[in-house]
Structure formats: structure tokens, C-alpha cells
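Down below is the structure, laid out as C-alpha cells.
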Amino acid sequence: MYRRIADLLKNASPGDAAEIRGWVRTRRDSKGGFSFVEVNDGSCFASLQAVVPADVPGYEQSIKDVTTGSSVAISGKLVDSPGKGQRLELQADALRLLGTADADAYPLQKKRHSFEFLREIAHLRTRTNTFGAVFRVRNRVSYAIHEFFQQRGFLYVHSPIITTSDCEGAGAMFRVTASRESRDESREQDSPSMTSLNLLPSTLDPAEFFGRPAYLTVSGQLEGEIFACSLGPCYTFGPTFRAENSNTTRHLAEFWMIEPEMPFFELIDNMALAEEFIRHLCRTVLEDCQEDLAFFADRIDKEAITTLRMIAENDFLRVTYTEAVEVLTQSGMTFDYQVEWGRDLQSEHERYLTEQHFQRPVILYDYPRTIKPFYMRVNDDGKTVRAMDVLVPRVGEIIGGSQREERLDVLESRMREQDLDPAHYWWYCELRKYGTVPHSGFGLGLERLMLLITGMQNIRDVIPFPRTPKSAEF
Ligand code: 4AD
Ligand code: MG
């Protein structure tokens with residue numbers, strides 16, 4: 001008999017009996033001897049109003065404790081709602097108070113709270129309209145991502161979280177070590193047999209849990225390439241970690257990334273897939289998350305829905321890095337960071353290009369080799385690599401990808417150029433030694449996508465529990 005509110009509003013009819021369970025948003029007592037209790041259970045944006053007459057079982061003992069934040073179970077009969085904005089309300093015949101919430105202490109009073117404040121109470125912020133909407137949309141998007149790839153025959157690969165190689169070659173990694181206690185314990189148990197029997201190869205460090213320094217992964221790409229170069233198109237979807245000390249509204253130390261990898265794809269195929277992917281996700285959300293999107297458009301960003309439609313309906317432009325640098329230097333704009341061929345673009349430049357100059361999503365490609373990782377394929381000009389970044393309004397870079405270097409000699413020389421030891425990436429190199437093929441892939445930052453969809457301003461507010469420098473409370 002207990003049903004969630006989303007299900008009732010979609011499927012139930014007046015006259016149906018039902019019980020709802022959830023958290024009280026407000027209670028109003030009428031002089032006529034009944035109370036209006038608005039209950040939200042998180043299943044959808046809408047709350048359901050229950051009309052509770054004073055003579056129903058449970059009323060007298062508990063109604064004064066049915067305050068904002070308390071939890072209740074209310075059963076009764078659904079009736080047409082005379083109020084506007086909602087089809088049904090619940091005519092209660094029993095009320096059960098499940099948990100009280102001291103009205104003076106409960107941090108989420110009716111008034112609006114700042115997102116900064118709500119971040120400090122991440123255990124309660126999911127009870128607000130905004131965070132309910134954000135995380136329902138995040139759920140739908142995650143499902144749509146799997147749908148997109150599964151429908152196209154891609155294999156879902158669980159790439160490892162602990163790794164010993166730095167995919168981006170940027171050194172922004174978190175070290176993984178065993179705690180002092182467990183190290184001592186394992187030494188007691190293992191070391192006599194391991195060392196006396198000489199089970200550890202001499203290259204391994206006995207003091208390290210994995211026999212060598214290990215880290216949290218910055219990307220599942222290198223492992224994704226292994227799968228792509230044997231089982232075909234595949235994708236990873238998992239948490240990734242970057243120890244960059246960047247305190248911006250677009251960077252997290254832990255974020256979720258989706259990384260498809262396709263054998264026999266060249267850069268243009270990669271671009272086409274990235275475009276199709278983003279547009280598919282925008283269309284799905286426009287179709288399936290209407291109520292939550294309407295809230296974002298109303299309270300967070302007026303342009304929320306218009307922007308999504310614009311992306312869903314327009315082709316993305318393809319522009320080389322070199323052309324983009326020309327546009328930027330001739331724009332007459334003053335930027336905080338100087339634009340010069342050979343330097344990386346900053347988010348202010350990316351946003352100018354997509355928001356003001358081109359006014360639609362842009363795929364920049366063929367970046368200077370000196371600012372991109374070792375694995376990107378070198379172009380015939382010797383100066384640029386087959387990199388691509390997808391730029392969208394509000395966010396700037398939402399996707400980074402490339403065609404991979406499939407020529408062993410070029411790959412090895414690129415590694416040395418970036419002070420990386422090919423021996424350390426021996427297995428990655430062997431993919432080029434045995435049956436190498438052209439292949440490509442990209443990474444989409446899930447939280448960047450969420451910023452685009454919701455219009456939220458800060459990346460900390462679109463991930464359940466943000467990790468940023470000096471902050472990991474929950
Ligand atoms: O451009 P990035 O660094 O590319 C890679 O990691 C490649 N291995 C992807 C691939 O080709 N398979 O990161 C990809 C995307 C960025 O475009 C951005 O959306 C997101 O990941 N991203 C971050 N999101 C939040 N916080 C951070 N610190 C991020 N760094 C990257
Ligand atoms: Mg990038």
C-alpha cells in the first residue's frame with residue numbers, strides 16, 4: 001500500500017487508497033479542525049499535500065511534532081486537489097510520526113539557504129528542492145550514458161582505481177600507501193617467507209604495498225586502450241582523481257569520467273561520436289527530466305532549457321587550435337591570461353569562443369604537441385597533435401580526447417620528450433608492437449556535464465560529496 005509520490009502522481013486515480021512516507025516540508029493547521037501536511041519523499045520534485053482531520057488516529061498525540069524535517073507515514077484516500085498546480089491530494093485516515101525534528105534546531109528552515117551553507121550540511125542538503133533535482137538528473141544522465149554506449153555495442157570496462165602509471169603524464173596524482181598499522185601487520189605475516197624465499201623480484205620495493213609507488217588513477221584511458229585493441233569499442237565510467245591544487249568552480253580532486261575508446265577511429269570519427277553523445281544526453285534530459293529542468297530554469301538559470309535545446313539542435317563547429325588563437329587575438333578582448341600560439345587556452349578563452357564568438361558548441365583540434373600528453377598522435381606538420389577539446393557554453397572544456405599515437409617509434413620519442421620512461425609504460429608500448437591499429441577516444445567529465453545541464457555555478461554542487469583542497473568532510 002505504501003507508494004512513492006512520483007508513482008502516485010503518475011499512475012494513481014482519485015478514489016485510490018494509498019500510504020505515503022517521507023519528510024515534512026510544511027504543516028499548516030486550519031481553524032476547521034484539520035491540518036495540511038506537505039510531504040516530500042524525494043521520488044520527484046513535487047510534494048504531496050495530505051489533509052489530516054483532527055479525529056484521525058495518531059493526530060492528537062503527534063500533530064504538534066509534525067514539523068518541518070520530521071518524518072511521517074500517512075495513509076488515506078487520494079482525491080482531486082482543489083489547489084492549483086497539483087492533480088491529487090491525500091485525504092488522510094491515519095497519521096504516524098516516525099521521527100521528530102526539533103523545530104528550533106533543524107538547519108533547513110523554510111527560507112532560502114546559500115549553496116555555501118548547504119555544502120556544510122551535505123547530509124541534509126539532499127532534502128532541498130535544488131539538490132533533489134540535481135541528483136535525480138545526475139541519475140538519469142548516468143543511465144543515459146550506459147544506454148548510449150550499450151545501444152551501440154560498446155563494452156563497459158571497469159578500469160582500475162589504483163594504478164602505477166600516470167596517464168596524463170602531468171604528475172598530479174595521489175599516492176596510495178598502506179597505513180602504518182597494516183604495514184606492520186603484513187610485515188609480521190609475510191616478510192619472513194617473502195624475503196627468505198626470495199619471492200620478491202629485485203626490482204620491487206618491499207616497503208611498498210604494491211612493490212612500487214602506486215597512485216589513484218587520473219584516467220582509465222590506458223587500460224581502455226588495451227580493451228579497445230582486442231575487444232572493440234569500449235567505455236569506462238568511474239571516479240578519477242587529480243591532485244591539482246586548483247580551487248576553481250570547475251575542478252574537483254575526485255570526479256567521474258566517461259572514457260570511450262574506439263579502434264579504427266580517426267580524429268574525425270572521434271569528433272562525430274563526441275558530438276552525437278553530448279547531443280543525445282541533452283535530448284534525453286529535455287525529454288525525461290522536465291519537472292526538474294523547469295525548476296532550474298525558474299530558480300537557477302533562466303537559460304537552462306534554452307541552452308540545452310540549442311545544443312541538442314545545432315551542429316557543433318570544428319575549428320583548429322590555430323584558427324581559435326587567431327580569433328582570440330583579433331577579438332579585441334582583454335583576457336587575464338595572454339593568448340599566444342603554443343600556450344594552453346584558459347577557461348576564459350574557451351568560454352569566449354563558444355559563448356560569444358561562435359555562440360554554439362565548438363570542437364577545437366590539432367593542438368601544439370608541447371601542451372598535450374605523450375599518447376596523442378603527431379600530425380604530419382610535426383608541430384601539432386590530433387587532440388580535440390569540446391567546448392560548450394557555461395563550462396568551456398567539457399570533453400578532452402584525441403587520436404592515439406599508434407606508431408611505436410614516435411610514441412617512444414614523445415615519451416622521452418616529456419621525460420617519461422618508455423620502459424615504465426612497456427605494456428602500453430607493446431600494444432603498438434603487436435598488431436597496432438589507429439584508434440581514438442575521449443573523456444567526458446560528468447560534473448562538467450551536470451553544470452551544463454542544470455545551470456548550477458559551482459561544481460561542488462553537482463557531485464554528492466565534493467572533494468577539493470582542504471575539504472572532504474562527508
Ligand atoms: O582532458 P582530460 O584531462 O582528458 C583525459 O583525462 C583523457 N585521458 C581522456 C581520454 O582521452 N580518454 O579530462 C577529460 C575531461 C575534461 O574535459 C573535463 O570535462 C574533465 O575530464 N575534468 C575534470 N572535471 C572536474 N575536475 C577536474 N579536476 C577535471 N579534470 C578534467
Ligand atoms: Mg583536457
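Both counts, for ligands and for their atoms, begin at 1 and track the order of listing.
Ligand 1 has no nitrogen or oxygen under 3.5 angstrom from a nitrogen or oxygen of Cys167. Inclusion of Gly400 in the set of residues having an N or O under 3.5 Å from an N or O of ligand 1 is warranted. Of the N or O atoms in Glu261, none lie within a sub-3.5 Å distance of an N or O in ligand 1. Residue His251 places no N or O, backbone or side chain, under 3.5 Å from any N or O of ligand 1. Residue contacts with ligand 1: Gly445 is placed with a nitrogen or oxygen under 3.5 Å of a nitrogen or oxygen of the ligand (distance criterion only).
Looking at Glu275 and Arg279, a side-chain N of the basic residue comes within less than 4.0 Å of a carboxylate O on the acidic one, giving a salt bridge. Using a 4.0 Å cut-off between charged nitrogen and carboxylate oxygen, Lys372 and Asp389 count as a salt-bridge pair. Between Asp421 and Arg416, none of the side-chain N atoms (NZ, or NE/NH1/NH2) sits under 4.0 Å from a carboxylate O, so this pair counts as no salt bridge. Salt bridge Arg386/Glu405: absent, no basic N to carboxylate O contact under 4.0 Å. Residues Glu261 and Arg404 are paired through a salt bridge, judged by an N-O separation under 4.0 Å between the basic side chain and the carboxylate. Note on Asp205 versus Arg212: no salt bridge recorded, every NZ/NE/NH1/NH2 to OD/OE distance being 4.0 Å or above.
Ring centroid separation for the pair Phe154 and Phe148 does not come in under the 6.0 Å cut-off. Two rings, from Phe131 and Phe115, have their centers less than 6.0 Å apart.
Only the side chain of Phe255 comes within 4.0 Å of ligand 1, judged by heavy-atom distances. Residue Arg404 touches ligand 1 through its side chain alone, judged by heavy-atom distances below 4.0 Å. With a 4.0 Å cut-off on non-hydrogen atoms, Tyr375 touches ligand 1 through its side chain and not its backbone. Proximity of Asp389 to ligand 1, defined as any heavy-atom pair under 4.0 Å, is not found for any part of the residue. By the criterion of a heavy-atom distance under 4.0 Å, the backbone of Ile398, and not its side chain, is placed next to ligand 1.
The number of heavy-atom neighbours closer than 6.0 Å to CZ of Phe227, taken from other residues, nucleotides and ligands shown, is 12 or below.
Using modelled atom types and a 3.5 Å distance limit, the side chains of Tyr365 and Gln403 yield no donor-acceptor pair.
For the pair Val176 and Phe209, the minimum side-chain heavy-atom distance is 4.5 Å or more.
Put simply, the side chain of Gln356 never gets that close to the backbone of Leu353: no donor and acceptor are under 3.5 Å apart.
Each of the following atoms of ligand 1 lies closer than 4.0 Å to a heavy atom of Gly401: 11 (O). Interface of Arg250 with ligand 1, defined as ligand atoms under 4.0 Å from a residue heavy atom, comprises 25 (C), 26 (N). The contact set between ligand 1 and Glu244, taken as ligand atoms under 4.0 Å from a residue heavy atom, comprises 28 (N). Set against the non-hydrogen atoms of Ile399, the atoms of ligand 1 under 4.0 Å away are 17 (O). Annotation for ligand 1: atoms under 4.0 Å from non-hydrogen atoms of Ser219 are 6 (O), 8 (N). Under a 4.0 Å criterion applied to the non-hydrogen atoms of Met257, ligand 1 contributes the atoms 6 (O), 13 (O), 14 (C), 15 (C), 21 (O).
From the protein, the heavy atom lying nearest to atom 15 (C) of ligand 1 is Gly443 O, 3.6 Å. Nearest non-hydrogen protein atom to atom 2 (P) of ligand 1 is Arg242 NH1, 4.0 Å. Of the protein's non-hydrogen atoms, Arg448 NH1, 3.5 Å is the one closest to atom 18 (C) of ligand 1. Glu397 OE2, 3.1 Å is the protein heavy atom nearest to atom 1 (O) of ligand 1.
Rounded to the nearest 0.5 angstrom, Gln457 CD and Ile300 CD1 are separated by 9.0 Å.
Proximity of Gln403 to ligand 1 is not established, as no heavy-atom distance is less than 4.0 Å.
In the candidate list Val218, Leu252, Val395, Thr217, Leu252 is nearest to atom 28 (N) of ligand 1, counting heavy atoms. Nearest to atom 12 (N) of ligand 1 by heavy-atom distance, out of Glu168, Glu259, Glu447, is Glu259.
Among the backbone and side-chain atoms of Glu397, an N, O or S atom lies under 2.8 Å from the Mg ion (ligand 2).
Nearest approach of Glu447 to Trp256, heavy atoms of both residues: OE1-N, 3.0 Å.
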